[in-house]
Each structure stands twice: as C-alpha cells, then as structure tokens.
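One structure below.
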Amino acid sequence: MNNDSSSRIVAALRSWVRDAPAGARLPSSRRLVAEHGASPVTVQKALRRLAAEGLVESRPGVGTFVRAVRPSRGPDFGWQTAALRTPRSVIPRLAGPLQTPPPEAQALHAGYPGPDLLPERLVRAALVRSARGAAATSRPPAAGLAALRAWFATELADATRGDLAAATPSDVLIAPGSQSALASIFRALVAPGQPLLLESPTYWGAIQAAHQAGVEPVPVPSDSSGPDPAELDRTFRETGARALYAQPNYANPTGAQWSPERAAEILDVVRSHGAFLVDDDWAHDFGIDTDARPVAAYDDAGHVVYLRSLTKSVSPTIRVAAVVARGPARDRILADRAAESMYVSGLLQQAALEVVTDPAWRTHLRRLRHQLRERRDLLVEALRTHAPAVHLDGVPPGGLHLWARLPDGTDVERLVRDCAAAGVWVSSGDEWFPAEPAGPYLRLTFIGPDPAGYPAAARTIADVLAGGGGSAGGM
Ligand SMILES: Cc1ncc(COP(=O)(O)O)c(C=O)c1O
C-alpha cells in the first residue's frame, strides 16, 4: 500500500468535496483508480480517511457521497460548567507542541523526533521479540522490570563520582514517559499549595504538571549558564520552598547546559535548604557538542530526584522513563505512580530493554549525534541568512531546539498563527514561562521531517515578521 499516493488522492478529493454540494456522489472507485493510477486498496484507504474526517459517507452498494452539513446548532454543554465549577488551577488548551499540523506543513513546533532519527529497525525487531516472550502476557512489578531498572541504575552509576554510593536498581522506578512521572514527583515532594521553584523559561509540560499537582510554581530566572546560585538561594529563603525542578542538560527551550562548577554550586544551595532538585535529563541521548552530565551523579544523600526518559530517543511509542530517587521520597513517588496507573506495560518495558542493550544502539546514538549537528547547523544558518531579525543567543550544545528572540513588540501569538497559515508551524515561547514571558520568543525544533525546507521556512518567518504574510502553500 502506498501512503504517498493515498495522501495525494485524499488531498485531491478534499478540494473536490469542498466545491461540491452536499449529497453529491463522488466518482466511482473504478474511476478514481484510473484517474490517479493507484490500486483499489489505495483508493479505498483514501475514501476511508475522508469518511473518518466526516467529509463523505459511504452507502454500501450505492456509492460514496458528500456528507450533508447538519443544520442543528450543536448541543449546549452549559450545564457542565455549572456542574464542574471553576477549575482549581488553570491548565490551558492543548499545548502548541502537541498540535497536529497538516501533512504538507513544515513542522518546527513539535518535540518528538521523526522516524528518520529513530532506531526504527531495532525498535520493530524489539517489539516483535518482546511480543513472543513472557512480557506479552505477564504483569510486571509496580516499580518496573528488574533488568530494565538495573540498566538505568548502571548507566547512572557509571557517571557517578567514585567517592559516592551509586544508585542501585532498587532506587529506580519505571514510569510511562517522564511527563506523568513529573506530576507524581511534584505531588510526592511538595504539599498542595506549597511552592515549587522552576527555571524560567522552562518546559511547558513541567509547568502544567505543577498546576496539575496543585503546587505553586515559582519562577527562577535561568540563562545559558543555568540559574544564578545567589538568586536561587534568595528565592529558597523567601519562599520556604523545598524543591527545584531543573534541566541541567540541554534545557528545553534554551538548550543551556550547566557547567560542572555551576551544577556543584546549585547542588550546594539545594542541600543548604534541605531541599530536592528534580534533575530532568530528558535529552540525555541528544548531546551534540558535549555529553550530558547528570547532576544526580554528584549526590548520594537523596537530594536529587533523577528523571531519564527513552521515549524521544527510542520511540515515542515506547513510553518508558526512569525515576531514580532514594529514601522516603522514592517510596512516596512509587505509591503515587501505583495509585495512578499501577504499572507500565511489560511489553513496552521489555522492548525498551531490548533496544538499549543491543550493540546497535550505541552505533545509532553516534549517527544520531551527526544528524542532529547537521540539522541544528542548517536551521541556524537558515535563520541567520534569511531571517536576520530573529536573534539566537547562542548555538545549543545539545537537545532538539533553538530558542529564538524576536524583535521587541512582536505579537507572538499572531506570528505563530500567520506562520501556520503560510505552512510553517512554530511554537510561541510564551508557553515556556511559568509567569509573564520575559520577551517575545519562538521555540524552533530541528527534528522535523524536512530539513531541506529550513531556508524556505526561515524566509516565511521573516516575511510574516515583516508583515508580508509569508509564502503560503510553499511548503
Ligand atoms: C524537558 C522535558 N521533560 C519531559 C518531557 C516529557 O517526555 P516523555 O513524557 O516523552 O518522556 C519532555 C517532552 O518534550 C521534555 O521536553
């Protein structure tokens, strides 16, 4: 079956349907087969997709017809607002990076690498092997498969200073991706209504998880070197906070990596306040010019709760992450996870383990580093050449994104909308600020499917910025 020709037929029929009256009969399948030079299976697949979109309906034995628009004014859900009352905390609309663009758009907004950056062959083989084994039918322990926990513990132990007690498998809990682990960690470490310090800007999902956990997010400014230890110390003191959420390596969105000296200073501040540091090592596998340095490798007293996800580097389908925590904090996080979802699918855990223990995993990571470097540099070059008004503070040493400052006074939300209308999807930086944005920013990812389109995308952003509206339909 050919996905491209099916998408081509869908696009052609969509515009046909747009101009046709309700109830009009579509050309027969036989005619579509001849017209598009496609197989009957491909044509059926395209028709099924249009039906799923609600554009057409098929009447067996009669044909396929343009669906009538229902005249009803739509149901009134007003009663639900009365029943639900005002939300306790505001979790805004679906975050920009989770929105699905049309297939022809240049996607610079999303956070998950496409198939060409994943170990696709390894993942498929691992899923097949795992499905044949015991993992397909047995319930794994609540904390996760022992062998997978041991793999995560060994990875962190290898990075840990020789004079410290390294993490062990019993310190590791497996979670279904790090997003849901974040809410559990925040709930376990911070009482409702109590402050949680967050770098600003920081990952939008951490801000949402803080709201979901009912804790009070308190921003701490962070630049390309990380938060200023003196400022952090003052904020701990003023707020009485007992936890800081941070990304010491290739922060999303800024790409910042803390130096070992900065990491040691921040850890000292955290210790001096008897507090926790949540070290979200989301981009551990995405070092480009440097390697990730977990701050958890400098701690054996339970101050650092370490979060390490495989969902972006192995496959977004294999949602598997590890939380490494010690002492009562570990027990509380495990209890919260179990209350929420009991355990993570053993099949996915087994598949993740098969991938990361295959010798080809290391080879994949080496190739990935080159691919990321090439794409990062291509996007940087495209912006510098074609969109000079978009300013980059620096080139990130790792991660998947660029953090771009826009001219003062830019209406970012409008820019994002106009770029999308012109075929380029970008993310508004506003979503990465726990409070008011410090300025107008865009977050641009370099892991989308079409790097050759970066120069055209940069020209579109520049045109929209200049008020020209962009080169619609060009990508
Ligand atoms: C900083 C950071 N943490 C956590 C996550 C969540 O990752 P996952 O739930 O896929 O493990 C993301 C995803 O974008 C992220 O950027």
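Reckoned from all heavy atoms, side chains included, excluding hydrogens, waters and symmetry mates. Here, residue 1 is the first one in the sequence, and each next residue gets the next number. Whatever order the structure lists them in is the order used to number ligands and atoms, beginning at 1.
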For this session: Identify whether NZ of Lys or CZ of Arg in Arg242 sits under 6.0 Å from the centre of the six-membered ring of Phe276 and within 45° of that ring's axis.
Result: no
Problem set entry | ligand 1: protein residues within heavy-atom distance under 4.0 Å | Tyr112, Gly177, Ser178, Gln179, Tyr203, Tyr245, Gln247, Asn252, Asp280, Trp282, Ser309, Thr311, Lys312, Arg319
Report, one line per pair, each donor and acceptor closer than 3.5 Å where one atom sits in a side chain of residues 403-410; sequence neighbours left out.
{"unit_1": "Arg405", "atom_1": "NH2", "unit_2": "Asp408", "atom_2": "OD1", "d": "2.6"}
{"unit_1": "Thr410", "atom_1": "OG1", "unit_2": "Pro407", "atom_2": "O", "d": "2.5"}

Problem set entry | Any residue meeting side chain to side chain contact (heavy atoms under 4.5 Å, CB included) with Val128, in chain and number order, not counting sequence neighbours | Arg132
Exercise. So, do Trp282 and His401 have ring centers that fall under 6.0 Å from each other?
Worked result: yes
Exercise. Does a side chain donor of either Asn249 or Gln257 reach within less than 3.5 Å of an acceptor in the other side chain?
Worked result: yes
Problem set entry | Partners passing side chain to side chain contact (heavy atoms under 4.5 Å, CB included) against Arg362 (at least two apart in sequence or in another chain) | Leu365, Arg366
